[in-house]
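Structure first, commentary second.
FYI, side chains are in, hydrogens and waters are out, and symmetry mates aren't considered; it's all heavy atoms of this structure. So you know, we letter chains A, B, ... as the sequences are listed, proteins then strands, and number each from 1.
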Amino acid sequence: MLITPESFAAKILAFYQTHGRKDLPWQKNPTAYRVWVSEVMLQQTQVKTVIPYYQKFMRSFPTIKALANAPLDDVLHHWQGLGYYSRARNLHQCAQKVMTEFNGRFPKTLAQMESLPGIGRSTAGAILSLAMNRPTPILDGNVKRVLARVFMVDGWYGQSAVNKHLWDLTSRYTPQENTANFNQAMMDLGASFCSRSKPQCEQCPLAIDCLAYIHGKTAEYPHKKPKKTIPTKQAKMYLQINPRQQVLLVKRPPTGIWGGLWTLPQFSQPSSIDSVKPQSDDTMCENLIDEIKHTFTHFHLHAQVYTAPKVPTGQSANGWTIEETSQQKWHNINELKRLALPTPIKKFLFRYFQINE
DNA sequence: AAGGCGTGGAG
DNA sequence: TCTCCAAGCCT
């Protein structure tokens with residue numbers, strides 16, 4: 001016998017009263033702007049990581065108008081270290097769109113909300129429910145985990161059929177009343193008792209209704225994503241300093257890895273061959289000074305950093321190709337801390353030039 | 001429909 | 001040290 005939506009909502013709302021989080025920075029006077037910024041920052045990012053970014057961001061861009069009028073580079077700088085930088089670009093574009101197309105106020109329908117860049121179905125639902133108390137469901141990782149266990153949903157989240165099933169479930173079980181508290185509580189339950197590992201089912205209000213718990217299979221749900229070995233990309237980076245003590249940096253194209261951020265001029269091997277080591281060309285007078293190893297979601301980066309009097313241009317030997325860039329510029333050393341730099345590049349540069357922070 | 005897109009915390 | 005993956009969206 002499946003739990004009814006009424007009973008489900010009642011239990012979750014009771015949980016909200018006793019265990020719900022009510023003091024997060026974006027929860028005091030939760031305007032659409034505040035909820036939106038927090039929700040975008042929280043995409044695939046933990047609360048603890050987000051909080052300091054959120055607070056600094058709000059001090060710098062207190063209103064959507066201020067955000068829309070800010071240079072994109074400033075927004076990217078505030079996003080430095082958070083990752084998934086297209087979020088910052090979309091956030092900026094979205095602010096401008098809300099200003100010009102919606103007179104500076106977020107729309108109130110789900111369809112209009114979802115039409116905005118960087119706002120998908122779940123983020124739209126979160127803004128509408130948490131900031132406007134409209135009865136829209138959400139489906140973030142926490143809600144997915146709770147539902148996958150309570151209803152023993154088979155399959156991995158990445159499969160569209162599974163995602164659709166979970167959307168059907170959250171739509172059916174999200175109440176029309178008190179939707180804000182319900183949605184917040186579902187996320188809080190998923191983040192606390194119904195955690196990924198070692199869930200505390202004895203304390204969960206849904207324990208007696210939870211199919212996974214009843215069958216002793218909470219550890220099996222949600223199903224894990226199939227693991228794949230990710231490739232390693234080799235790269236050569238060049239640290240070039242001119243007589244005025246400036247360093248040459250390139251701005252990466254808007255899309256792709258590290259989109260819009262400043263990094264070192266870089267040669268890459270399109271195909272990953274782990275055994276092939278890049279070879280220094282003596283005529284270039286290169287000096288290997290450091291090595292950068294960094295792991296992304298879908299590949300490892302293994303880069304050698306060289307100092308060179310001049311960065312090689314065009315097609316290099318052995319199939320090494322220069323990475324596409326949108327812009328290049330000499331930067332003063334003392335201005336590096338104002339730029340949006342990828343984390344491993346920032347660590348290298350700050351270490352090399354002995355910059356603090 | 002499945003893969004691209006960051007980083008750091010947890011175990 | 002290594003694996004897994006977190007308040008997803010876009011293409």
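A salt bridge between A/Asp168 and A/Lys164 is present, with a side-chain N of the basic residue lying under 4.0 Å from a carboxylate O of the acidic one. Ion pairing between A/Lys11 and A/Asp209 holds under the 4.0 Å rule for side-chain N and carboxylate O.
Rounding to the nearest 0.5 Å gives a distance of 9.5 Å between OG1 of A/Thr343 and CD1 of A/Ile345.
In this structure, A/Trp156 does not reach the B/dG3 phosphate: none of its side-chain N or O atoms is under 4.0 Å from OP1 or OP2. Between A/His294 and the phosphate of B/dT7, there is a side-chain N or O to OP1/OP2 separation shorter than 4.0 Å. For A/Gln44 and C/dG8, the shortest distance from a side-chain N or O to OP1 or OP2 is below 4.0 Å. Contact annotation: A/Arg145 side-chain N/O to C/dA7 OP1/OP2 distance is under 4.0 Å. Note on A/Lys227: a side-chain N or O is less than 4.0 Å away from OP1 or OP2 of C/dC4. Taking only side-chain nitrogens and oxygens, A/Tyr84 never comes nearer than 4.0 Å to OP1 or OP2 of B/dG4.
Here the nucleotide nearest the side chain of A/Glu39, chosen from C/dG8, C/dA7, B/dT7, is C/dA7. With C/dC5, B/dG9, C/dA7 as the choices, the nucleotide that has an atom nearest any side-chain atom of A/Gln46 turns out to be B/dG9. You'll find that the side chain of A/Leu42 is closest to C/dA7, out of B/dC5, C/dC5, C/dA7. Here the side chain of A/Trp258 is nearest to one of C/dA7, B/dC5, B/dT7, namely B/dT7.
In terms of polar N and O atoms assigned as donor or acceptor, the side chain of A/Thr45 comes within less than 3.5 Å of the base of B/dG6 in a complementary pairing.
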